[in-house]
J.: 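I have a structure I would like to understand better, so I am pasting it below and will then ask my questions one at a time.
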Number of protein chains: 2
Amino acid sequence: MYTNLINHIRRYIELDDDTIDILNKYIKPVNLKKKDFLLKEGQVCRSIYFVEKGCLRMFFVNDKMSEQITQFALENWWISDFFSFIDNKPSGYFIQTVEKSEILSIDTSSFEMMLKELPQMERYFRIVMQRALAASQLRAKYMYELTKEEFYTHFCGSFPEFVQRVPQYMIASYLGLTPEYVSELRKKKL
Amino acid sequence: MYTNLINHIRRYIELDDDTIDILNKYIKPVNLKKKDFLLKEGQVCRSIYFVEKGCLRMFFVNDKMSEQITQFALENWWISDFFSFIDNKPSGYFIQTVEKSEILSIDTSSFEMMLKELPQMERYFRIVMQRALAASQLRAKYMYELTKEEFYTHFCGSFPEFVQRVPQYMIASYLGLTPEYVSELRKKKL
DNA sequence: CGCGGGTTTGATGATGCTCAAGCCCGGTGG
DNA sequence: CCACCGGGCTTGAGCATCATCAAACCCGCG
C-alpha cells in the first residue's frame with residue numbers, strides 16, 4: 001500500500017479506510033528502474049505523478065542540445081508538466097527517474113473522476129498546489145537575489161543529503177550552471 | 001459588484017446568486033491609488049488579493065538596496081506571498097499598486113471559513129493554483145533557455161500592451177536586467 | 001583490463017553589470 | 001506662465017562573472 005501518499009494526504013485532510021479503497025481505483029502504481037521515462041518531449045503529459053520512493057527529474061533539451069533540468073521530485077512530491085496536463089498540449093519536457101523509483105500516477109480522466117467522486121480531495125490538491133506555488137516563489141526569489149556562486153553555496157547548504165544523492169552535473173544543470181563552473185566552485189571551497 | 005471575480009469563478013465552477021451572497025461576506029474590497037501598499041516587508045501576509053482593476057507589483061529590496069520585482073498582477077489575477085500566508089511567517093516582500101486599483105482581499109480566517117461554508121470553492125482555488133503553477137513553470141523554462149536579451153525581446157513580443165503600461169525600469173527589474181542594459185537593447189532594436 | 005561517463009583544469013572571451021555623467025520631460029510652485 | 005526640480009531614461013567606458021572549448025584525468029562497471 002502507498003503509505004507515503006496516504007500519510008501525505010492525511011497531513012491535510014481526513015481520510016477513512018473506505019475512502020482509501022475508492023482512491024485506489026484511480027491510482028496506478030508504476031515501478032521504474034534508473035533512467036526510465038515517464039514523459040518524453042512531444043507527448044502530451046496525461047498524468048500527475050507522486051513519488052512514493054526514489055527521485056525524478058524534469059528537463060528539456062535546449063538549442064545547444066544539452067539537457068536543462070528545471071525540477072526534481074523526491075519522496076512525497078507531486079510532479080507534472082501542468083501546462084501540458086491542463087490543456088492537453090504536447091509537452092516540451094522529459095520526466096525521467098534519476099534512480100530506481102516507485103511512482104504513483106493519476107491520469108487526466110481518473111483525476112477528474114476521482115475529484116467528482118471524492119470532492120474532499122479538491123482540498124488536498126488545492127493545498128498541495130498552493131504549497132508548490134509557495135516553493136516556486138521562494139526559489140524564484142533566490143534566483144533573483146543570489147549570484148550563481150551564492151546560489152550554489154546556498155543550495156548545497158540547504159540540501160546536503162540531496163547533493164550527495166544525485167550526480168554533480170545534474171545539480172549544475174538545475175541551478176543553471178555549467179559543470180565546469182561547479183567544479184571550480186568546489187575546488188575553491190574545499 | 002465584483003463582476004471580474006464572479007466571471008472568473010464562473011469559468012471554473014457553477015455559481016448561483018445565493019452563493020454569491022455568501023461569498024460577499026468574506027470578501028473585502030479595497031480601493032487604492034497609485035503606489036499604495038497592501039503588504040510591507042516584515043509584516044505577515046494575511047490575505048490573498050484579487051485584482052478587479054488595475055495592477056500590482058510584488059518586490060523585495062536586495063542587499064544593494066534596490067527593488068527587485070518578482071511578480072506583477074493584472075486584472076483577474078490572484079497574488080499573495082503564499083509562503084507567508086500559509087505559515088504566518090513575516091514576509092520579505094512588498095506588494096504595491098502600480099496604478100490606481102480596485103482590489104478584493106480575503107484574509108486567512110475568512111479564507112478558511114469561506115472554504116468551510118462553500119466547499120465547492122476548494123475546486124476553484126485548486127484550479128487557480130494549478131494554473132498559477134503552470135505559469136510559473138513556463139516562466140522558469142524561459143529563464144533557463146533564453147539569454148537576457150532574448151528574454152527581454154520575447155517578453156516585449158508576448159505582452160506589448162503591458163510593456164506600454166508600466167515604466168521601463170520595472171520591466172527591467174522583473175526580467176532581472178539593469179535599466180541601463182534595457183536601454184541599450186532598445187537602441188539596438190529601433 | 002579497457003571503456004565510457006563524469007569530473008577537473010586552464011586559457012580565452014562574451015554577456016551583461018557598475019559607475020558616473022548628462023539628458024529629457026512632465027509636474028509643481030512661485 | 002515660466003523656471004526649476006527630480007525621476008526616469010540614455011550613453012559610454014571599464015570590468016566581473018561565468019560560459020565555452022579542448023584536453024586530460026579518474027574511476028566504477030562490464
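In what follows, chains carry the letters A, B, and so on, assigned in the order in which the sequence lines appear, proteins first and then strands, with residues in each chain numbered from 1.
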J.: Side-chain N or O of B:K187 less than 4.0 angstrom from OP1 or OP2 on D:dC9?
T.: no
J.: Ignoring backbone atoms, test whether A:R186 places a side-chain nitrogen or oxygen under 4.0 Å from the OP1 or OP2 oxygen of C:dT7.
T.: no
J.: Ignoring backbone atoms, establish whether B:K188 has a side-chain N or O less than 4.0 Å from OP1 or OP2 of C:dT15.
T.: no
J.: Any chance you could lay out the salt bridge (charged side-chain N to carboxylate O under 4.0 Å, His left out) test for B:E112 and A:R123, step after step, and finish with the verdict?
T.: CA-CA 11 Å; B:E112 283 308 324; A:R123 179 174 175 82; 3.4 Å; yes
J.: Answer yes if the ring centres of A:Y174 and A:F72 are under 6.0 angstrom apart, and no otherwise.
T.: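 Judged by ring-centre distance (under 6.0 Å), A:Y174 and A:F72 do meet the cut-off.
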J.: How close or far is atom P of C:dG16 from atom OH of B:Y152, stated in whole angstroms?
T.: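 That distance rounds to 14 Å.
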J.: Is there a path of hydrophobic side-chain contacts, each under 4.5 Å between heavy atoms, that joins B:Y124 and B:I20?
T.: yes
J.: Where the side chain of A:K148 is defined as all heavy atoms beyond and including C-beta, which of D:dA19, C:dG16, D:dG8 is the nearest nucleotide?
T.: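 Selected nucleotide (nearest to the side chain): D:dA19.
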J.: Taking only heavy atoms on the protein side, list every residue of residues 165-182 of chain B lying under 4.0 Å from any atom of DNA chain C, sorted numerically.
T.: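 B:G176, B:L177, B:T178, B:E180, B:Y181 - these, ordered by number, are the residues of the stretch whose heavy atoms sit under 4.0 Å from the strand.
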J.: When you measure from the side chain of A:K64, which nucleotide among D:dT20, C:dT18, C:dG16 comes out closest?
T.: D:dT20
J.: Atom NZ of residue position B:K25 - does it have more than 12 heavy atoms of other residues, nucleotides or ligands inside 6.0 Å?
T.: yes
J.: Identify which one of A:W77, A:Y2, A:W78 satisfies the ring-ring contact (aromatic ring centres under 6.0 Å, His included) criterion when paired with A:F50.
T.: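 With A:F50 as partner, ring-ring contact (aromatic ring centres under 6.0 Å, His included) holds for just one option, A:W78.
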J.: Can you tell which of B:F85, B:Y26, B:F82 makes a ring-ring contact (aromatic ring centres under 6.0 Å, His included) with B:F111?
T.: B:F85
